[in-house]
Amino acid sequence: PGSGKSGPQPADDHDSDPKAPPAEVPSGRVVVPGGKVDSGQIRSITFPVAGPVTYVNDFGACRDGCTRAHKGNDLIGDRLQPVVAMHDGVIDHLVDHATAGYGVVIRDREGWEYRLYHMNNDTPGTDDAADTGAWRYAAGIVPGATVTAGQFIGWMGDSGNSEGSVPHAHVEIHRPDGTAINPYWSLRLAQR
């Protein structure tokens with residue numbers, strides 16, 4: 001996992017502040033580049049997708065002709081692949097946005113946010129964008145609900161501007177002040 005992408009790339013995504021991504025990670029090893037990532041850039045999380053995915057360190061990558069930068073990492077997998085909570089917390093809100101699609105925002109006790117976007121919007125076995133919600137979120141995933149790390153929260157899809165691209169979970173981690181950090185190192189460490 002984490003080796004790269006092939007085929008169509010996901011459309012993306014969300015407003016952002018441009019940042020150059022850290023140095024690439026040698027295959028199979030977790031290496032945090034010296035001077036580029038401080039302890040405030042790594043969170044202890046549970047990997048948010050059950051099953052195999054591919055992803056690269058695409059934080060800060062150009063989007064929309066470089067008018068904005070990618071604020072997270074895209075974990076490319078299969079439609080209806082289970083998505084789980086990255087951290088203990090409370091569902092701050094559910095997202096229904098033209099770009100992010102359907103999503104979940106979890107806030108922990110310290111005020112950090114863990115965001116998962118592009119949840120499923122398709123009827124099983126199709127790419128019809130016609131699911132009415134039965135295959136989007138797990139039962140009980142509503143604003144104010146308490147979740148624990150690793151708890152099943154819903155299904156991967158291609159909602160929002162990912163429609164017509166590849167199913168993936170867009171992952172963001174935000175500090176209590178709202179600043180996005182690169183989730184790549186937290187994701188890599190969660191896989192160890």
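Counting all heavy atoms, side chain and backbone alike, M119 lies closest to G103 at CG-CA, 3.8 Å. Taking each heavy atom of D108 and Y114 in turn, the nearest pair found is OD2-OH, 3.0 Å. Nearest heavy-atom pair across P183 and N73 is CG-OD1, 3.3 Å. Residue A180 comes nearest to F59 through the heavy atom pair O-CZ, 4.0 Å, listed as atom of the first residue, atom of the second, then distance. When all heavy atoms are compared, the tightest approach of P48 to L75 is CG-CD1, 3.7 Å. Scanning both residues, P52 and Q81, for their nearest heavy atoms gives O-NE2, 2.9 Å.
Note that the CG atom of D78 and the CE atom of M156 stand 7.5 Å from one another [nearest 0.5 Å]. Atom CG in D122 sits 7.5 Å away from atom CG in L80 (nearest 0.5 Å). Between the CG atom in L189 and the OH atom in Y184 there is a gap of 10.5 Å [rounded to 0.5 Å].
V166 has its side chain within reach of I76: a pair of non-hydrogen atoms, C-beta onward, lies under 4.5 Å apart. Side-chain contact between L116 and V49 is absent, with no heavy atoms from C-beta onward closer than 4.5 Å. Residues H168 and S162 meet the side-chain proximity criterion, which asks for heavy atoms closer than 4.5 Å. Side-chain contact between R115 and V105 is present, with at least one heavy-atom pair separated by less than 4.5 Å. Looking at heavy atoms from C-beta onward, P167 lies out of side-chain contact with D127 at the 4.5 angstrom threshold. V104 has its side chain within reach of I91: a pair of non-hydrogen atoms, C-beta onward, lies under 4.5 Å apart. The shortest distance between side-chain heavy atoms of W112 and R43 falls below 4.5 Å. Using a 4.5 Å cut-off on side-chain heavy atoms (C-beta onward), S186 and I173 make contact.
Between the side chains of Y102 and N121, no donor-acceptor pair of N or O atoms lies under 3.5 Å. When only modelled atom types and interatomic distance are considered, D128 and T123 share a side-chain donor-acceptor pair under 3.5 Å.
Note: Y117 and H170 have parallel aromatic rings, judged against thresholds of 30 and 60 degrees for the angle between ring planes.
Looking at D92, its side chain never comes within 3.5 Å of a backbone N or O of I106 through a donor-acceptor pair. A donor-acceptor pair under 3.5 Å is absent between the side-chain atoms of H118 and the main chain of G160, judged by distance alone. With hydrogens and angles ignored, the 3.5 Å screen pairs no side-chain donor or acceptor of S159 with any backbone N or O of G101. R175 places no side-chain N or O within donor-acceptor distance of the main-chain N or O of T179, the cut-off being under 3.5 Å.
Using a 4.5 Å cut-off between side-chain heavy atoms of Ile, Leu, Val, Met, Phe, Trp and Tyr, with links allowed through other members, L94 and M86 fall into the same hydrophobic cluster.
The salt bridge (charged side-chain N to carboxylate O under 4.0 Å, His left out) test applied to D96 returns no partner, not counting sequence neighbours.
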(message) Pair I45, L187 - check side-chain contact (heavy atoms from CB on, under 4.5 Å), show working.
(response) CA-CA 7 Å; I45 62 169; L187 290 165; 3.9 Å; yes
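With salt bridges taken as basic N to acidic carboxylate O contacts below 4.0 Å, none links E172 and K71.
For residues 133-158, every residue pair satisfying the side chain to side chain donor-acceptor pair (under 3.5 Å) rule, not counting sequence neighbours, is listed here: R79-D158.
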